[in-house]
Amino acid sequence: MHRCRSLFRKEAVAVKGIRQALQVVVREDAVFLCFLSPQTNAEAMEVRFFRDPLRAVLHLYREGQDQHDMQMPAYRGRTKLLKDSIAEGRVSLRLKKDLSDTGLHGCWFRSQNNGHGATWEMQVSVLGSAPLVSIMRYVDGGIQLLCKSSSWFPQPTVKWKGPEEHDLPSDSMVNADRHSLFDVETSIVPQNFGSISCSIQYSDQSQEVESRVSIRREDFFQFSAYQQGSISLGIFCCVLCVAGVGLRISSSIFKTSFFLISSMSTPTGPSCQPFPSA
């Protein structure tokens, strides 16, 4: 958001700028407009865009030229002063935004005798992805739903709402990635049927994204039948395993007994050969 307030020392001349609320998206350039009222030629003036605290220099125009060596290192290569209308006292600064740009900014026109300025508060934000809601599993007599969304700034808030738009309790986890953007993951086990929504929004409620899923009575029965089928299949597999082990043991006992019986019935003495006939 840009909210501008004027700072001036002389009622006859004032610096004016952005007066309406704007949605600032980090991936787009910001353009800060500042102008003198009434129109005054500013070609010979010093024009300074700054960042509080300590009025650090974002961009400086002096003696008819841009003074890039006076910029804060963090802003070098990110600013461009648009001065096509500087003879009418109107300039704009184009800024390639970063998440760190949130805070108080301002511009200042200075002549030999007077100085006039304006300030505004800028809140940089990133609108994250649309929530992805998925059905996870059957648990605690209900169906567990999972909602995910990524790349938010600043840190958002999460709400689940039931069929009657009442807030529902949930478990949520928010993590920051290496770009300082926030990823959200939240889950819930609704106990009622109907439409369930997962909404993610900024804390000031200026932006909100929402996804809905419909839980039907049949879904509960399907999950119950699946659970019962899984238990039955597990029991059947256990029975097969026990039966298989029993068969292997029986087979081993049978083979051992057969070997013993065979050993006992086989003659161990010398064999008898008939005498040849005379």
## Note on the structure
Residues passing the side chain to side chain contact (heavy atoms under 4.5 Å, CB included) test with Ala87, sequence neighbours excluded, are Asn41, Glu43
### Message
Once side chain to side chain donor-acceptor pair (under 3.5 Å) is applied, do any residues pair with Tyr61, and if so which ones, sequence neighbours excluded?
### Response
none
### Message
Ring centroids only, cut at 6.0 angstrom: are Trp120 and Phe32 within range, meaning strictly under it?
### Response
yes
### Task
Tell me, please, which residues at least two apart from Arg78 pass salt bridge (charged side-chain N to carboxylate O under 4.0 Å, His left out).
Asp101
### Message
Checking Ser125 against Gln207: is there a side-chain donor and acceptor pair closer than 3.5 Å?
### Response
no
### Message
Using the side chain to side chain contact (heavy atoms under 4.5 Å, CB included) criterion, which residues pair with Glu46? Sequence neighbours excluded.
### Response
Arg48, Leu60, Arg62, Arg110
### Message
Looking only at the side chains, is there a donor atom on one of Asp66 and His59 sitting less than 3.5 Å from an acceptor on the other?
### Response
yes
### Query
Which pairs count as disulfide (SG to SG under 2.5 Å) when at least one residue sits in residues 149-190, sequence neighbours excluded?
none
### Query
Under the salt bridge (charged side-chain N to carboxylate O under 4.0 Å, His left out) test, which residues partner Asp98, sequence neighbours left out?
none
### Query
Which other residues belong to the hydrophobic cluster containing Leu82, where Ile, Leu, Val, Met, Phe, Trp and Tyr are joined when side-chain heavy atoms lie under 4.5 Å apart, directly or via other members?
none
#### Entry: Residues in side chain to side chain donor-acceptor pair (under 3.5 Å) contact with Ser197, at least two apart in sequence or another chain
none
### Pairwise ring pair (Phe, Tyr, Trp, His ring centres under 6.0 Å) hits with a residue in residues 145-174, at least two apart
Trp152-Tyr202
### Non-neighbouring partners of Arg212 that pass salt bridge (charged side-chain N to carboxylate O under 4.0 Å, His left out), sequence neighbours left out
Glu165, Glu210
### Message
Per the disulfide (SG to SG under 2.5 Å) rule, what does the pair list look like for residues 55-110, sequence neighbours excluded?
### Response
Cys34-Cys107
### Message
Considering only residues two or more places apart or on different chains, which pairs with a residue in residues 157-195 satisfy disulfide (SG to SG under 2.5 Å)?
### Response
none
